[in-house]
Amino acid sequence: MPEPITAIRGMNDILPDETPLWLHAETIFRKVFQGYGYQEIRFPVLERTELFKRSIGETTDIVTKEMYTFLDRNQESVTLRPEGTTPCVRACLEHGLLYNQIQHLWYRGPCFRYERPQKGRLRQFHQASAEVFGLAGPDIDADLIMLSATLLEKLGIKSHATLQIHSMGNIASREVYRKKLTEYFLAHKNKLDADSLHRLHKNPLRILDSKDPTLKSLIENAPKLLDHLDSDAIQHFEKLQEYLTHANIAFEINPHLVRGLDYYTKTVFEWVTDQLGAQGTVCGGGRYDHLVEQLGGKPTPAIGFSFGMERTILLMQQATQKNKITNELHAYVITDNEEAFIHGLKLTHYLRSKVSGLHIMLHSGGGTLKNQFKKADKSGAQYAVIIGEHELKTNSISLKSLREDIQQQTLYQDELAEYLKLKIQKKQ
């Protein structure tokens, strides 16, 4: 007997007892995005490697260590997308969506990074994201952050997350700051760990994001990027804070928040939690005003964010322990013989066409009525719909509640449809 083949490490299955919560979350994302006027876009998971090298930055950990990159049969280097913003920009440019247009877009799907798997961090992970193109002011920054706050509220996890904001300034002011930061860390080179030494000359800002507790004091005393912003970036950041305050969205300024991608400018933000261990960022985003031009388009201001779905689901599981979200079955159809089963086939088809949102299952595989009732109860269904000899003779259906102590009813087909419709409407 051959050995069973298991999933690749860090690429997890999502099982039937988990999918109702995923579906619930995905439905919330879709409805909220649509409610804010965002349109859905979809693009491939596989892109040319050059796309990510040019946008994310060749010295970032993502490009140097984490991308799933390989040669296809034409010997062209291709990569499974490690994030969604860059492919979204590529798709918009390729199809002319950014030419003298403002776009509000959203998407969801898997991304891939070769990292050490742990709670909330997988090698195949999922994101739900929003991007806005063509608007440069802090007003859209505030509106986008409010969108992310609305999502957290609808998902039932806003009380578990804190908003942190920062400004990355523009390219010129950041270059001045980078030199001062490099000088500071060089003066304390003997205190840096191996990762920080590697980043020192390539991207010293990433040292500020280090999770090494021994570097905490060193990072706390490092020069602050906020002290090196130009007047435009300062005004942008101050106006953003004003808008958020008026919108009653609480925030913290985190001077060490730099995000992991090179393309960010001005506003960056994260929603963080202390309930998921080291992987505390539930949603992260910011402004990337030069990325479109960097990928061959005309200068176009842009901003976006991504929710990590796995971390979102973990938080939702904690918040919904008492009220577990399931794929509730409304009715389970039990039949007594072959003729009754044929009638059951017709009945379930009729009910599904008449009752919107009905979850109904027809028992298959035979068995006694007693065994079928056991299966109905185990399924979690609210009702057993029974078709036996008596029901066939009277052209009726018996309805028995499996969760409440109420009397069994005899109904006709149209009456049953109306009854189930009312029950479903009451629960919505």
Side-chain angles (χ1 to χ4, degrees), residues 6-30 33 40-47 49 51-52 55-57 60-70 78-89 105-131 148 151-152 155 157 160-161 206 209 211 259-261 263-264 268-286 304-319:
T6 59
I8 297 169
R9 184 168 180 254
M11 298 192 176
N12 288 10
D13 301 306
I14 302 171
L15 302 178
D17 65 339
E18 301 169 288
T19 52
L21 189 56
W22 278 78
L23 181 60
H24 176 67
E26 289 163 355
T27 301
I28 289 171
F29 277 106
R30 177 176 54 80
F33 283 139
E40 186 180 7
I41 186 171
R42 302 187 183 191
F43 36 81
V45 297
L46 196 64
E47 299 275 0
T49 303
L51 177 69
F52 300 110
S55 60
I56 296 174
T60 60
D61 286 350
I62 294 174
V63 170
T64 59
K65 300 178 183 177
E66 298 169 5
M67 293 201 313
Y68 279 88
T69 298
F70 56 93
V78 293
T79 297
L80 289 169
R81 66 183 183 210
E83 53 93 32
T85 298
T86 302
C88 183
V89 172
L105 305 173
W106 77 274
Y107 54 89
R108 61 181 171 86
C111 297
F112 304 83
R113 294 184 195 175
Y114 191 87
E115 299 182 284
R116 182 170 62 86
Q118 55 183 273
K119 183 179 179 180
R121 185 174 74 180
L122 299 173
R123 290 175 178 173
Q124 176 177 314
F125 57 98
H126 298 78
Q127 292 185 335
S129 309
E131 315 284 0
S148 68
L151 284 165
L152 287 163
L155 292 163
I157 57 175
H160 301 287
R206 297 292 292 120
D209 198 34
K211 302 299 187 290
R259 306 289 297 142
L261 307 171
Y263 53 61
Y264 284 114
V268 288
F269 67 92
E270 289 184 352
W271 287 94
V272 298
T273 181
D274 59 3
Q275 299 188 28
L276 298 178
Q279 304 306 314
T281 302
V282 179
C283 168
F305 67 70
S306 289
F307 272 78
M309 288 298 295
E310 280 76 9
R311 298 176 193 180
T312 299
I313 295 297
L314 284 171
L315 272 184
M316 290 177 70
Q317 284 173 334
Q318 294 180 20

Smallest heavy-atom separation, Ser148 atom then Phe269 atom, equals OG-CE1, 4.2 Å
In short, Pro82 meets Arg113 closest at the heavy-atom pair O-NE, 2.9 Å
| query | Distance-only, no hydrogens or angles: does the Thr273 side chain make a donor-acceptor pair with backbone N or O of His160 under 3.5 Å? | reply | yes
Between Arg81 (side chain only) and Pro44 (backbone N and O only), is there a donor and an acceptor less than 3.5 Å apart? yes
ring-ring contact (aromatic ring centres under 6.0 Å, His included) filter on Phe305, not counting sequence neighbours, yields Phe307
Main-chain N/O of Gly285 paired with Tyr264 side-chain donor or acceptor, under 3.5 Å
no
Open item on the list: Please check: side-chain N/O of Gln318 versus main-chain N/O of Leu315, any donor-acceptor pairing under 3.5 Å?
Closed with: no
task: Using a cut-off of 6.0 Å, state whether more than 12 heavy atoms not belonging to Ile8 lie near its atom CD1.
output: no
Those residues at least two apart in sequence (or on a different chain) that pass side-chain contact (heavy atoms from CB on, under 4.5 Å) with Leu314 are Lys119, Leu276, Gln317
For Pro117 and Gly10 the tightest heavy-atom approach is CG-CA, 3.8 Å
Sorted by chain and residue number, the salt bridge (charged side-chain N to carboxylate O under 4.0 Å, His left out) partners of Arg9 (sequence neighbours excluded) come out as none
Looking only at heavy atoms, the pair that brings Phe112 and Val45 closest together is CE1-CB, 4.3 Å
Met309 and Ala128 have their tightest heavy-atom pair at SD-CB, 3.9 Å
